[in-house]
Amino acid sequence: MHMMPTIPRSFFDRPVLDVARDLIGATLLVDGVGGPLVEVEAYDETDPASHSFRGPTARNAAMFGPPGIAYVYKIYGIHWCLNFVCRPGSAVLIRALEPTHGLDQMRQRRGGLADRQLCSGPGKLCEALAIDRRHDHVPLDQPPFTLLAADRDHPIVTGPRIGITKGADTPWRFGVQNSPFLSRPMKG
DNA sequence: AACTTGATGGTCT
DNA sequence: GACCATCAAGTTC
């Protein structure tokens, strides 16, 4: 039987673009609920779209913490967003996953929406996995998180990031081509 | 299929 | 006071 290895913290002590690409296909679970990542975005301190661009603040403190912890923040006063912190000032925004584990809990949390809409966006994913402020700064190699390395290759496509105004042309979005679980289709 | 809009509040200037 | 790393429901083509 095939066992997907747990991702070690050292995985995140690498350039953020490498980490982002390698996260596609990795399985994220929170208390056993989740599935394989199909869409992520990279952000770093040289990037005007990044929360870290203007240096540390109370909100973005986790982005300057050690590699391999979560950075969770609230956007538009409504939705939570989950990031995986890499080297200081850099992180990967977790935008979408294919829901495979704990489907009943996800459906309940998401109000009975169709399976393809359970985790097809950063705010939706956090609602489905019940991620909130409590997860900010939490190490990704400890409960409630489980992170398992990808067990096969996926056709990865890149493109511009979503929902930003600055740095809008930087192609730091990574996704599985043609996955029905993306927040929006990838071009190409 | 593309677009517009209202919800709702934290963060930073 | 402006700006959001969003979502879902609505309108219009």
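Proteins get letters first, then strands, A, B, ... in listed order; numbering begins at 1 in each.
Residue A:Lys74 contributes atom NZ, which lies 17 Å from atom C1' of B:dC12 at whole-angstrom precision. Protein atom CD1 of A:Ile75 is 10 Å distant from nucleotide atom C1' of B:dG9, rounded to whole Å. One can place NE2 of A:His79 at 9 Å from P of C:dT6, the figure rounded to the nearest angstrom. The distance between atom CG of A:Leu182 and atom P of C:dA5, rounded to the nearest whole Å, is 21 Å. What separates CH2 of A:Trp80 from C1' of C:dC4 is a distance of 15 Å, to the nearest Å. Residue A:Glu39 contributes atom CD, which lies 13 Å from atom C1' of C:dT6 at whole-angstrom precision. For A:Leu125 and C:dA8, the CG to P distance is 12 Å, given to the nearest whole Å. Going from atom CG of A:Leu113 over to atom C1' of C:dA8 covers 9 Å, rounded to whole Å.
At a threshold of 4.0 angstrom between heavy atoms, the contacts of A:Gly77 include nucleobase atoms, whether or not backbone atoms are also involved. Within 4.0 Å of A:Thr57, counting heavy atoms only, lie sugar-phosphate atoms of the nucleic acid but no base atom. At the heavy-atom level, A:Arg59 lies under 4.0 Å from the strands shown only through sugar-phosphate atoms. If you check every strand for non-hydrogen atoms under 4.0 Å, A:Arg110 touches sugar and phosphate atoms only.
Of the listed nucleotides (C:dC4, C:dA5, C:dC7), C:dC4 has the atom at the smallest distance from the side chain of A:Thr165.
In this structure, A:Arg95 reaches the C:dT6 phosphate: one of its side-chain N or O atoms is under 4.0 Å from OP1 or OP2.
Between the side chain of A:Tyr73 and the base of C:dA5, a donor-acceptor pair under 3.5 Å is found.
Remark: the backbone N or O of A:Ile162 is paired with a side-chain donor or acceptor of A:Glu41 at under 3.5 angstrom. With hydrogens and angles ignored, the 3.5 Å screen pairs no side-chain donor or acceptor of A:Asn83 with any backbone N or O of A:Val85. Looking only at distances, a side-chain donor or acceptor of A:Arg87 sits under 3.5 Å from a matching main-chain atom of A:Asp13. Between the side chain of A:Arg21 and the main chain of A:Ile156, no donor-acceptor pair closer than 3.5 Å is present.
Between A:Pro139 and A:Arg9, some side-chain heavy-atom pair lies under the 4.5 Å cut-off. A:Asn60 places a side-chain heavy atom less than 4.5 Å from the side chain of A:Tyr71.
Between A:Asp104 and A:Arg107, at least one side-chain N (NZ, or NE/NH1/NH2) sits under 4.0 Å from a carboxylate O, which counts as a salt bridge.
Residue A:Lys166 is the one, among A:Ser183 and A:Lys166, whose nearest nucleotide of DNA chain C lies closer to the 5' end (criterion: closest heavy atom). Between A:Arg133 and A:Ile78, it is A:Ile78 whose nearest contact on DNA chain B lies nearer the 5' terminus.
A:Phe11 carries A:Arg14 over the face of its six-membered ring, with the cationic atom under 6.0 Å from the centre and within 45° of the normal.
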- Give the C-alpha distance, both sets of side-chain angles, the deciding distance and a yes or no for salt bridge (charged side-chain N to carboxylate O under 4.0 Å, His left out) between A:Arg110 and A:Glu127. CA-CA 7 Å; A:Arg110 294 279 299 132; A:Glu127 185 170 46; 2.6 Å; yes

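Stem regions annotated for DNA chain B: B:1-7 with C:6-12, B:9-12 with C:1-4, counting only runs of 3 or more consecutive pairs of Watson-Crick or G-U type with both contacts under 3.5 Å.
Taking the 5.5 Å centre cut-off and the 30° plane limit, the aromatic side chain of A:Tyr43 is classed as stacked on C:dA5.
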Would you list the protein and nucleotides 10-13 of chain C atom pairs, both N or O, that sit under 3.5 Å from each other?
none

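Cluster annotation: A:Leu147 and A:Val138 are assigned to the same hydrophobic cluster (Ile/Leu/Val/Met/Phe/Trp/Tyr, side-chain heavy-atom contacts under 4.5 Å, transitive).
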